[in-house]
Amino acid sequence: MLELIDIKKRYGSKEVLHGISIKFENGIYGLIGPNGSGKSTIMNIMSDVLDMSSGKILYNGTDIKELDDRYREKIGFLPQNVGYYPNFTAKKTIEYFGYLRGVNKKELDSNVEQVLRDVNLYENRNDKVKSFSGGMKQRLGIAITCVANPEIIIFDEPTVGLDPEERARFKNLIRKLSKTKTIVLSTHILSDVEEVADYIILIKEGCLTKFEKIGGKDNE
Ligand code: ADP
Ligand code: MG
């Protein structure tokens, strides 16, 4: 369980997060707000790639700053804009990021094969990334995010540039993953996530304005 407690963030003298408190358990959380409202800032802080100005985050009751690496290895983070090496194949790209994440050699092969199958890119594993559509690159990003088998997955604006079919595939995939994980995804378009999210978090000008559990949904 992940708990954000009164998170504030200032850039210089400008405060952009004004005290965000949210508890996350397993399931899919849609972080929704207009551009500039603070979604990426929250996600960067949750992923421990950006320091907060005040507040704290507890992972199963322990401060993440105390856990340090032991926290970061639980996290899979797909930032808003990711660049890939165009001449790497899908398989090589995932191996490369898995290696950087410290997945050991013995597990790497089987993890890479597993995530390639999960995102439905196994047949394309030897194709170069430069031949991929936007949706295929998105799925590659998800595969990379999952290769070290994180407990918490954070996707910043994952549905940008996806066509309806790819969007549906993405929803099915995260629905499957969410049974055992916490998944947080941001968007500025509510309709992108309202179907798939278990919880909706509305952010406006650095404040949490609404937290809602979506009830009565078919969880298969
Ligand atoms: P969102 O992801 O919802 O579009 P962001 O978290 O990117 O919003 O930005 C929230 C606010 O913080 C915006 O006003 C943005 O201009 C500001 N901001 C983001 N990053 C920086 C930075 N590195 N330096 C200064 N201001 C920033
Ligand atoms: Mg953003």
Side-chain angles (χ1 to χ4, degrees), residues 2-24 27-59 64-65 71-72 74-84 97 134-146 150 152-163 166-167 170-171 173-174 177-178 181-214:
L2 194 65
E3 190 172 3
L4 275 56
I5 303 171
D6 201 23
I7 305 293
K8 294 183 182 167
K9 178 64 185 174
R10 280 181 302 276
Y11 288 111
S13 59
K14 187 182 164 207
E15 190 172 89
V16 299
L17 294 180
H18 308 297
I20 300 283
S21 300
I22 311 170
K23 275 186 196 169
F24 295 91
I28 303 175
Y29 293 77
L31 190 59
I32 299 157
N35 287 327
S37 55
K39 303 181 297 295
S40 294
T41 304
I42 294 171
M43 295 185 130
N44 286 315
I45 290 172
M46 285 178 74
S47 307
D48 202 24
V49 298
L50 179 71
D51 279 329
M52 55 201 117
S53 303
S54 68
K56 60 181 168 183
I57 301 179
L58 304 181
Y59 171 76
I64 64 164
K65 295 294 175 189
Y71 173 68
R72 281 189 298 274
K74 311 278 185 212
I75 301 285
F77 178 40
L78 186 61
Q80 210 162 342
N81 298 299
V82 192
Y84 300 114
F97 281 93
M136 290 168 87
K137 281 191 190 143
Q138 192 60 43
R139 281 185 274 146
L140 179 65
I142 296 165
I144 290 165
T145 309
C146 294
I152 299 165
I153 305 184
I154 298 173
F155 293 122
D156 200 354
E157 305 257 4
T159 53
V160 169
L162 299 192
D163 66 29
E166 289 168 337
R167 218 162 270 223
F170 174 72
K171 283 178 186 171
L173 175 64
I174 60 169
L177 292 171
S178 72
K181 297 177 193 298
T182 300
I183 299 191
V184 188
L185 41 118
S186 70
T187 177
H188 55 280
I189 307 160
L190 175 65
S191 60
D192 272 4
V193 296
E194 62 184 350
E195 249 178 63
V196 74
D198 300 305
Y199 303 87
I200 295 285
I201 301 163
L202 290 184
I203 303 292
K204 202 177 164 191
E205 293 173 5
C207 296
L208 192 159
T209 55
K210 194 171 181 183
F211 183 98
E212 187 179 24
K213 185 175 196 324
I214 310 219

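Remember, it's 1-based here, ligands and their atoms both numbered in the order they're listed.
Between the side chains of E157 and H188, a donor-acceptor pair is found at a separation under 3.5 Å. For the residue pair S186 and D156, a side-chain donor N or O sits within less than 3.5 Å of a side-chain acceptor on the partner.
Numbered from 1 in the order shown, with element, the atoms of ligand 1 that lie under 4.0 Å from a heavy atom of K14 read 14 (O). With ligand atoms numbered from 1 in the order given, ligand 1 contributes 1 (P), 2 (O), 6 (O), 7 (O) to contacts under 4.0 Å with heavy atoms of S40. Here is the list of ligand 1 atoms found below 4.0 Å of a heavy atom in N35: 4 (O).
Heavy-atom separations between P34 and ligand 1 include at least one value shorter than 4.0 Å. Using a 4.0 Å heavy-atom cutoff, G33 is absent from the residues neighbouring ligand 1.
The environment of NZ in K204 is sparse: at most 12 heavy-atom neighbours from other residues, nucleotides or ligands sit within 6.0 Å.
The two residues K74 and P150 make their nearest non-hydrogen contact at O-CB, 3.3 Å. Here the shortest heavy-atom pairing between L78 and I142 reads CD2-N, 4.3 Å.
Between V16 and ligand 1, not a single N/O pair is under 3.5 Å apart.
Atom 9 (O) of ligand 1 has its nearest heavy-atom neighbour, among T41, T187, N44, in T41.
Among all protein heavy atoms, the one lying closest to atom 23 (N) of ligand 1 is Y11 CE2, 3.6 Å. Nearest to atom 8 (O) of ligand 1 among the protein's heavy atoms is G38 N, 3.1 Å. In this structure, atom 13 (C) of ligand 1 lies nearest to the protein heavy atom G36 O, 3.6 Å.
Side-chain contact check for I42 versus I7: every heavy-atom pair is 4.5 Å or farther apart. Looking only at side-chain heavy atoms (C-beta outward), F24 and I201 come within less than 4.5 Å of each other. You'll find the side chain of F77 reaches within 4.5 Å of the side chain of N44, heavy atoms only. Between K9 and S53 the shortest side-chain heavy-atom distance falls below 4.5 Å.
Under the 4.0 Å distance rule, the nearest protein heavy atom to atom 15 (C) of ligand 1 falls outside the cut-off.
Neither the backbone nor the side chain of H188 has a heavy atom within less than 4.0 Å of ligand 1.
The OE1 atom of Q80, the Mg ion (ligand 2) and the OG atom of S40 define an angle of 70° (nearest 10 degrees).
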